[in-house]
There are 2 protein chains.
Amino acid sequence: MTRSRNEEFLLRKEDFLQSNSVDLAIFGFHETELRILLLQYKGKSWALPGGFIFKDEHLDNAAKRVLEERTGLKKIFLKQFYTFGDPERSRLNNRARQLEKLLENDEFSDEVIQWFLGRFATTGYYALVEYTKVNPVPDDFSIRCDWCDVHSLPPLIADHSQIIKKALETLRQQIHFQPIGMNLLPKKFTMPEIQMLYETIIGTKLDRRNFLRRILSYKILVRLPEKRTGVAYKAPYLYSFDHKAYQLALKMKICLRMMKRSLNG
Amino acid sequence: MTRSRNEEFLLRKEDFLQSNSVDLAIFGFHETELRILLLQYKGKSWALPGGFIFKDEHLDNAAKRVLEERTGLKKIFLKQFYTFGDPERSRLNNRARQLEKLLENDEFSDEVIQWFLGRFATTGYYALVEYTKVNPVPDDFSIRCDWCDVHSLPPLIADHSQIIKKALETLRQQIHFQPIGMNLLPKKFTMPEIQMLYETIIGTKLDRRNFLRRILSYKILVRLPEKRTGVAYKAPYLYSFDHKAYQLALKMKICLRMMKRSLNG
DNA sequence: TCAAAAGTGTTAGTCGTACACCCATGA
DNA sequence: TCATGGGTGTACGACTAACACTTTTGA
């Protein structure tokens, strides 16, 4: 079976664009944590879901394809954030040897190993997905696909921790210019839940009452008549996103500031 | 001579990373206009300065190299903004044929032409330079290198007008998070001059007095004792950037808002 | 002395922030 | 009835935006 995987890859390899790849930072939100989807290789190291680009395929499509393959999800918010072009990136962290070992163990041919150890400029995309809707699927080179809290990441191959760092930075910046949450939260959610999401992303505690006022002022939420029951305190209202207003706000790329301005000293 | 250029390129070609390139949006500011540096090919079409990446070269370095080759400038603000990954991008605008013709006329071999017509994922960088310091130099494939007002661009090859559009969008967005101007303006400049720069970039008229207060509040400018003379009205003060404060502000990536917030209706 | 443009200051209104108080729920 | 957390409202300070007046210069 490993033998056939080797041959399979060799066949597909010819259809790939050389020296380009995509890597995905797929974020989900669960139990007050911002999590990211990672793959684990046989050698225990982890990596971002990624893939190569078919010769006639748009970079964006390659990213979409990888997202779909790993999560089963379509029509998801997905955005390019940076291209990593260090010629040594695959050799960072002394993990090239590790990768080499992994692939050897897996009985891949030299040709395949050489491909993997070659230089790729990888373009990073980040996706925001609803945690519960994801069905994590490992790829041909990994044994496991699972969520990790972004604040306690396992050892990652190559420059993948840098990529995640950059993805988080981008997300933190863009949260002020885009409504987010439609893909990260379930259809119906409470005010404390969306507030926790914002707090997790920007890394600051926010005032409950001011947050409410602000987020409502953007007019992308609707309060539902229902409340969440079964909690050991006052039942909170449920909210959902107003899709039209949300899409409009996305297009407008307008400042939805959630943090203090700084630089006043 | 064209023959030797052909051979030269064939030799270098082997050292290039396949299917990757960089394109540069080099902005300068002159006579109240935001301008961009463009190359003109023999067939009259224009293009962004760009180039290929050596196999052991960092993407950022390839961009730096191209910047230096076209302008003679080093140590310039240069920032990656997007990677364009449409497989058809070189064939957009029906300019593939044009490009083909150009290269044929120039007596390049089929091999070179095929290379140019192949697929590249190009990574866009933008640079902010001091107009007067630039010495525009055409590359091996162009006959002219000159500035164009970004508001009246000539016909451009492939997707280069899209790339410029994206570069401008990025610049417009980032102006709120970075001090700019140090590279775009001469060492000494007047308040009206820097205000004009800001207005040109964000595309809005700003109130003279409010602008003054705001830009000074960021504490990246120092007022010089001198004034500009020889003008037909009250002599304005000269200012220059405080390098230390400027670099600090750059690092902090702090909100230096210059426009109204929107989305309040 | 006049026009044009720069320097300086004021004010009203909006927005952000920090609060206090009451209400609903399950233990 | 109490602890916990949600819902609603207010007040102060800071910042923004709009605007008026004075000063300097060359023609």
Side-chain angles (χ1 to χ4, degrees), chain A residues 31-32 175-177 185 188-200 202-219 221-240 254-265, chain B residues 31-32 175-177 185 188-200 202-240 249 254-265:
Chain A
E31 285 173 6
T32 79
I175 197 172
H176 302 295
F177 293 93
L185 294 167
K188 299 171 182 180
F189 51 89
T190 66
M191 203 42 75
E193 284 165 358
I194 186 173
Q195 181 176 345
M196 177 75 72
L197 170 65
Y198 270 83
E199 288 178 343
T200 307
I202 66 180
T204 326
K205 283 277 168 202
L206 298 168
D207 183 273
R208 187 168 58 87
R209 295 148 287 192
N210 295 333
F211 179 83
L212 175 80
R213 196 167 355 167
R214 206 148 7 156
I215 198 91
L216 287 181
S217 77
Y218 302 146
K219 301 187 177 167
L221 296 184
V222 253
R223 187 157 96 174
L224 306 173
E226 328 152 49
K227 296 187 175 196
R228 164 138 322 155
T229 55
V231 280
Y233 42 81
K234 182 168 179 179
Y237 282 106
L238 287 172
Y239 290 81
S240 70
I254 259 353
C255 189
L256 313 165
R257 205 144 53 75
M258 276 291 154
M259 270 170 85
K260 298 193 213 197
R261 196 162 336 112
S262 312
L263 193 76
N264 292 324
Chain B
E31 287 176 3
T32 80
I175 197 173
H176 301 295
F177 293 93
L185 293 167
K188 299 172 182 181
F189 50 88
T190 65
M191 204 41 77
E193 282 165 359
I194 186 173
Q195 179 176 345
M196 178 74 73
L197 170 64
Y198 269 84
E199 288 178 342
T200 307
I202 65 181
T204 326
K205 283 275 167 204
L206 298 169
D207 183 272
R208 187 170 56 90
R209 294 148 287 191
N210 294 332
F211 178 84
L212 174 81
R213 201 180 356 226
R214 206 149 5 157
I215 199 91
L216 287 181
S217 77
Y218 303 146
K219 302 186 175 165
I220 52 172
L221 296 185
V222 255
R223 188 158 93 173
L224 304 174
E226 327 153 48
K227 297 188 174 195
R228 163 137 324 155
T229 54
V231 281
Y233 41 79
K234 183 169 179 179
Y237 282 106
L238 287 172
Y239 291 81
S240 70
I254 259 354
C255 190
L256 312 166
R257 206 144 52 73
M258 276 291 154
M259 269 171 83
K260 299 193 212 195
R261 197 163 333 110
S262 313
L263 194 76
N264 292 325

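First the proteins, then the strands, lettered A, B, ... as listed; each starts at 1.
An OP1 or OP2 oxygen of C/dT10 is reached within less than 4.0 angstrom by no side-chain nitrogen or oxygen of B/Arg209.
The nearest whole Å value for the distance from the CZ atom in A/Phe211 to the P atom in C/dG16 is 14 Å. Atom CG of B/Asn210 is separated from atom P of C/dG13 by 17 Å (rounded to the nearest Å). When rounded to the nearest whole Å, the span between CZ of A/Arg223 and C1' of D/dG6 equals 11 Å. D/dG7 atom P lies 12 Å from atom CG of A/Leu224, rounded to whole Å. Between the CG atom of B/Asp207 and the P atom of C/dT11 there is a distance of 17 Å, given to the nearest Å. Taking atom NZ of A/Lys234 as the reference point, atom C1' of C/dA27 lies 18 Å away to the nearest angstrom. Following rounding to the nearest Å, B/Leu216 (CG) and D/dT16 (P) show an atom-to-atom distance of 14 Å. The separation between A/Tyr239 atom OH and D/dG6 atom P is 12 Å, rounded to whole Å.
Other residues, nucleotides and ligands contribute more than 12 heavy atoms inside 6.0 Å of the NZ atom of B/Lys227.
Of the possible polar contacts, none joining the B/Glu226 side chain to the B/Tyr237 backbone as a donor-acceptor pair under 3.5 Å is found.
Using a 4.0 Å heavy-atom distance criterion, A/Arg213 is classed as a base contact.
For B/Phe177 and A/Phe177, the gap between ring centers is short of 6.0 Å.
Heavy-atom nearest nucleotides on DNA chain C were determined for A/Arg208 and for A/Ala235, and the one closer to the 5' end corresponds to A/Arg208. With the nearest nucleotide of DNA chain D identified for both A/Tyr237 and B/Ala232, A/Tyr237 has the one nearer the 5' end.
Ion pairing between B/Arg228 and B/Glu193 holds under the 4.0 Å rule for side-chain N and carboxylate O.
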